[in-house]
Amino acid sequence: MKKFLFVVSFALLLADFSLYGQKPKKLNSAEIQLKLQKLNVLGNVLYVAAHPDDENTRLITYMANEKMVNTAYFSCTRGDGGQNLIGPEIREELGVIRTQELLQARNIDNGRQFFSRAVDFGYSKHPDETFEIWDKEKVLGDLVWVIRKFRPDIIITRFNTIPGTTHGHHTASAILASEAFDLAGDPTKYPEQLIYVKPWQPKTLYWNAFFWRRSDYQKDTSDLIGYDIGKYNTLLGLSYSEVAALSRSSHRSQGFGATGTRGIQLDYLQYEKGIKASNDALEIVDLTWTRVKGGEKILSQVNTILNAYDPLIPESILHQLISLRKSVLEIEDDFWRQQKTKEIDEIIYAITGLFLEVSAEDYTACPGQELNLSIEAINRSSANIQLKKVMFNQVGVGSNFFAELKNNQVQELKSKIVLPENIPYSQPYWLVNDHGLGMFNVNDQNIIGQGENDPAVSADFILDVNGQELIFTKPVIYKRNDPVRGEVYRPFVIAPPVFVNIEGSVVVFANHAYQEIKVSVRSGKDQLKGSLALNLPKTWKVEPSSQPFELKEKGEIQTFVFKVSPPEKQETAIASAIIELNGEKYNYSFTEISYDHFPAQLLFNKAQIKFVKVDLEKGNEKIGYVMGAGDNIPENLQQIGYDVDIINNLDFSEQVLDQYDVIILGIRALNTVDRLRFDMDKLVDFVYRGGNLIIQYNTSHRLVTEEFAPYTLSLSRDRVAVEGAEVKILEENHPVLNQPNRINQNDFDDWVQERGLYFPGTWSEEYKAILSSHDPGEEPLDGGLLIAKYGKGNYIYSSYSWFRELPAGVPGAYRLFVNMLSLDGDIP
Ligand SMILES: [Zn+2]
């Protein structure tokens, strides 16, 4: 049994499907030349940090393409706790976006990507706090696991281990790397992993020291190892810094578009521990074939192939590559045997101009369903190639073909498979189980560390290539032609037969009236008949208790309305939409995350929604909303009965603005809405005439205008990261704390993720600081809610995290936000 598992784990390690829903990469002759050169390099480098975007893509690009070592980035988290610059997704959904962006980045810089099970729970100032929320033993174990699987010769951290200098997650990642460096080679540590992997001791640990943030920093670099990451690669036609800029620009949800620079640029490694090198960190590692037993012979074979390679007739080295492959299969070292066989197979695939693909008729199918597949196979070389069989993994069936793949003659074949009843749904593996604040709940050791799920179904193409049997594994994909984007690929996934989505994510009841809750049922296959119910605790009243539905075609959506009445008192409840179908219960929602820069992703989360009854008095103010980077506040306010218009594209004349009582700037509007450079003064004048202006948080750098307030006000980078941090009331009698809702300490209970961020740091005396808060052990920050009377109106700047609290249905946040809307013009 043990032996069997060992084989399985290696297969998983080496089947590298990163970004499998992406249009396949086809290598040109120059890229083939690079792959051939890499055949002679046997080395691995692991880069370690905390978040998507922490990694130094320039160094990763340099290591992967100049040094030609396998280079991977281990990100402790998937970036779930960040802010999203391109859309409304936050938390788990944002983590899915950032995961895809990282995979895309690695696809560009030729690196690989690993993750731990840690959740990015938001900002953390100290690694001790980080380790309290993460399960340190588990995250450390995940890094040890990846080191044992990937076998890095050297490890490089982005950050150092000194607390307080940066985000607590960052420092934590460096501490973990240092500890994992010591543990991975020790068989007494995490022994349960040794069923699948062997202990591995990396040689050296480095810190990728960065000094550029401090222009005054005159560091003596003589004891550092420097690399010219600006070097130009003639085969790529780009410098590594240019490739890195393309890679970094994948982080669109963070707005990290980068422009490549040219010319010499040095990047430094500072020695931390292990075996010391002087000029090149890799000089202490044997990176040639002599590092494995029996490798000398292979080295000369590769050299002969390199000499013979003709970019005009790449297939001319096929015969030699096949005999090289045989030699490689004879070496004892499992790791390098499998790694290099895979590289040779990729080169054979490229030099013969092979294109092998299986596409499904739709992008989803259900367990037990019959599925039509289209197979395309073509050889674009003079090589003698026959397609013998296509075997569908995960399904256990195959089709025999014996089709001759003649030079440039396409074979289009059909196949039909029946998916097993027990094939799992393709929910991203780290989101299958419920998770806590700090850790995802993944129990299968073999998938820990992976970027994304393996393909739901993959196909082994079994070919005869010049008398040698070769197997090429390809994911089953879905593709279509988009009139704008052209050919668009996406993963083929296994989905439940029926989905149910409750409109919204949190429903807030501001009074005793019932609300109509829309629930839609979507069929995942043809001909469905069942019933739908909305389950809530008994204190809530739901009518009707259940509704029948009938859907004829896959993809059809039917919407139902339930009348829900709240309880008398303030209360929070979770509502679940449950489908009953053929005696089975289903509770999966359908969420599609679709952008241009990565393959569309589907999530099947639980169809649940939070219902909140808030004790709330409110006015009837009419609200104009200037959308910034994207938030859900307008919907949240509409739900409790406000009339809200998005006014980004309206003229900001008096006539237009004065139909509103309140104008609100969405989060980071002052960073993202260019017109505010010219129009901010019109909004400030609106206050003077008697309106209320509420500005939510903005980052302190890259403001479109510095003149956004009637009196002096400047932003800092200060934040209160602990969501339960004490909030002190400074201006007890201010109307904002009394009308129409009397605010007290309970209103600061149950906040999520953080209190606020980028608090104003200095302000003039015209402002009243209403509240004060601070993280444990830090100085009070009084700038989170500042209100100044200006003319007849009120100018309100608030960096409290309304954009997180209102969508999360935090009662106190609603009560205080409504008070800001209701402020009248007669404040003393
Ligand atoms: Zn970071």
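Numbering of ligands and ligand atoms starts at 1, following listing order. What you see is a predicted model; the values in this text were computed from it and never measured.
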**Student:** Given the Zn ion (ligand 1) as the apex, I'd like the angle to OD1 of D54 and NE2 of H170, rounded to 10 degrees.
**Tutor:**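 With the Zn ion (ligand 1) as the vertex, OD1 (D54) and NE2 (H170) sit 100° apart.
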**Student:** Are any non-hydrogen side-chain atoms of W430 and V96 less than 4.5 angstrom apart?
**Tutor:**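 They are in contact (side-chain heavy atoms under 4.5 Å apart), so the answer is yes.
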**Student:** Is it true that some N/O/S atom of D53, main chain or side chain, lies under 2.8 Å from the Zn ion (ligand 1)?
**Tutor:** no
**Student:** Using the test side chain to side chain contact (heavy atoms under 4.5 Å, CB included), find all partners of Y123 that sit at least two apart in sequence or belong to another chain.
**Tutor:** K125, H167, R719, A721
**Student:** What N/O/S atom of H51 is the closest to the Zn ion (ligand 1)?
**Tutor:** ND1
**Student:** Please list all pairs passing the salt bridge (charged side-chain N to carboxylate O under 4.0 Å, His left out) test where one or both residues lie in residues 159-182, with sequence neighbours left out.
**Tutor:** K136-E179, D182-K273
**Student:** Is the distance between the ring centroids of F759 and Y800 under 6.0 Å?
**Tutor:** yes
**Student:** Taking the six-membered ring for Trp, are W751 and W802 ring centroids under 6.0 Å apart?
**Tutor:**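 Ring centres of W802 and W751 closer than 6.0 Å.
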**Student:** Got a sec: is H169 within less than 2.8 Å of the Zn ion (ligand 1) via an N/O/S atom?
**Tutor:** no
**Student:** Got a sec: is H167 within less than 2.8 Å of the Zn ion (ligand 1) via an N/O/S atom?
**Tutor:**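 Looking at H167, which is the residue asked about, there is no N, O or S atom under 2.8 Å from the Zn ion (ligand 1).
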